[in-house]
Novice: 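Following this message is one structure expressed as structure tokens.
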Amino acid sequence: MFRLEDFILRTIKGMVGNEPDYKVQEYALSWYNRGKLTEENLSEIEELIEEKNTVVADDVEEDGLIEVI
């Protein structure tokens, strides 16, 4: 069964890492304002963005500088 909320969440999750963070947040907020997403959904999206922006220990070089990918 098609659920608009699921479709919107899949679309937004696909945007994370492919679009600037502010655009993903702006798009999510527009659906929240329309009553199609909840605060819980926004929290889930924010966690994905934070996870994407988190530096992993493998990214740290021997001299302690962060490698830019």
Side-chain angles (χ1 to χ4, degrees):
M1 175 184 226
F2 178 79
R3 289 190 53 218
L4 181 58
E5 179 182 339
D6 294 337
F7 179 81
I8 294 166
L9 283 173
R10 276 195 315 273
T11 302
I12 294 172
K13 288 177 182 181
M15 293 172 68
V16 174
N18 295 308
E19 294 288 338
D21 294 346
Y22 79 92
K23 280 191 173 187
V24 176
Q25 292 166 329
E26 182 179 57
Y27 188 71
L29 281 172
S30 72
W31 283 107
Y32 173 76
N33 286 334
R34 295 176 196 166
K36 300 300 181 185
L37 293 181
T38 65
E39 285 187 33
E40 183 177 305
N41 298 139
L42 295 181
S43 176
E44 183 179 348
I45 293 163
E46 189 62 25
E47 286 176 17
L48 288 174
I49 291 171
E50 288 177 13
E51 182 179 306
K52 174 192 69 81
N53 292 330
T54 301
V55 176
V56 181
D58 293 342
D59 292 341
V60 178
E61 295 180 0
E62 290 178 16
D63 61 359
L65 297 176
I66 297 174
E67 179 179 314
V68 178
I69 300 176

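Note that the coordinates shown come from a computational prediction; the quantities given were computed from them, not determined experimentally.
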Novice: In chain order, what residues pass the salt bridge (Lys or Arg N to Asp or Glu O under 4.0 Å) check against Arg3, with sequence neighbours excluded?
Specialist: Glu5, Asp6
Novice: Cut-off 3.5 Å, side chains only: do Asn33 and Ser30 have a donor facing an acceptor?
Specialist: no
Novice: Who are the side chain to side chain donor-acceptor pair (under 3.5 Å) partners of Lys13, not counting sequence neighbours?
Specialist: Glu44
Novice: Rounded to the nearest 0.5 Å, what's the gap from CG on Leu37 to CG on Leu42? Could you check?
Specialist: 6.0 Å
Novice: Taking salt bridge (Lys or Arg N to Asp or Glu O under 4.0 Å) as the definition, give me every residue that meets it alongside Lys23, ordered by chain and number, with sequence neighbours left out.
Specialist: none
Novice: Is the shortest side-chain heavy-atom distance between Ile12 and Tyr27 below 4.5 Å?
Specialist: yes
Novice: According to salt bridge (charged side-chain N to carboxylate O under 4.0 Å, His left out), does anything in residues 25-40 pair up with another residue at least two apart or in another chain? List the pairs.
Specialist: none
Novice: Would you say Ile8 and Phe2 are hydrophobically clustered, going by side-chain heavy atoms of ILVMFWY under 4.5 Å?
Specialist: yes
Novice: Report the distance from atom CD of Gln25 to atom CE of Met15, rounding to the nearest 0.5 Å.
Specialist: 10.5 Å
Novice: Holding to side chain to side chain donor-acceptor pair (under 3.5 Å), I want the full list of residues that pass it with Thr11, two or more places apart in sequence or in another chain.
Specialist: none
Novice: Just to verify, what does Asn53 make a side chain to side chain donor-acceptor pair (under 3.5 Å) with, not counting sequence neighbours?
Specialist: Asp21
Novice: What's the separation between atom OG1 in Thr54 and atom CD in Glu47, rounded to the nearest 0.5 Å?
Specialist: 11.0 Å
Novice: With rounding to the nearest 0.5 angstrom, report the CD to CD1 distance, Glu50 to Ile45.
Specialist: 12.5 Å
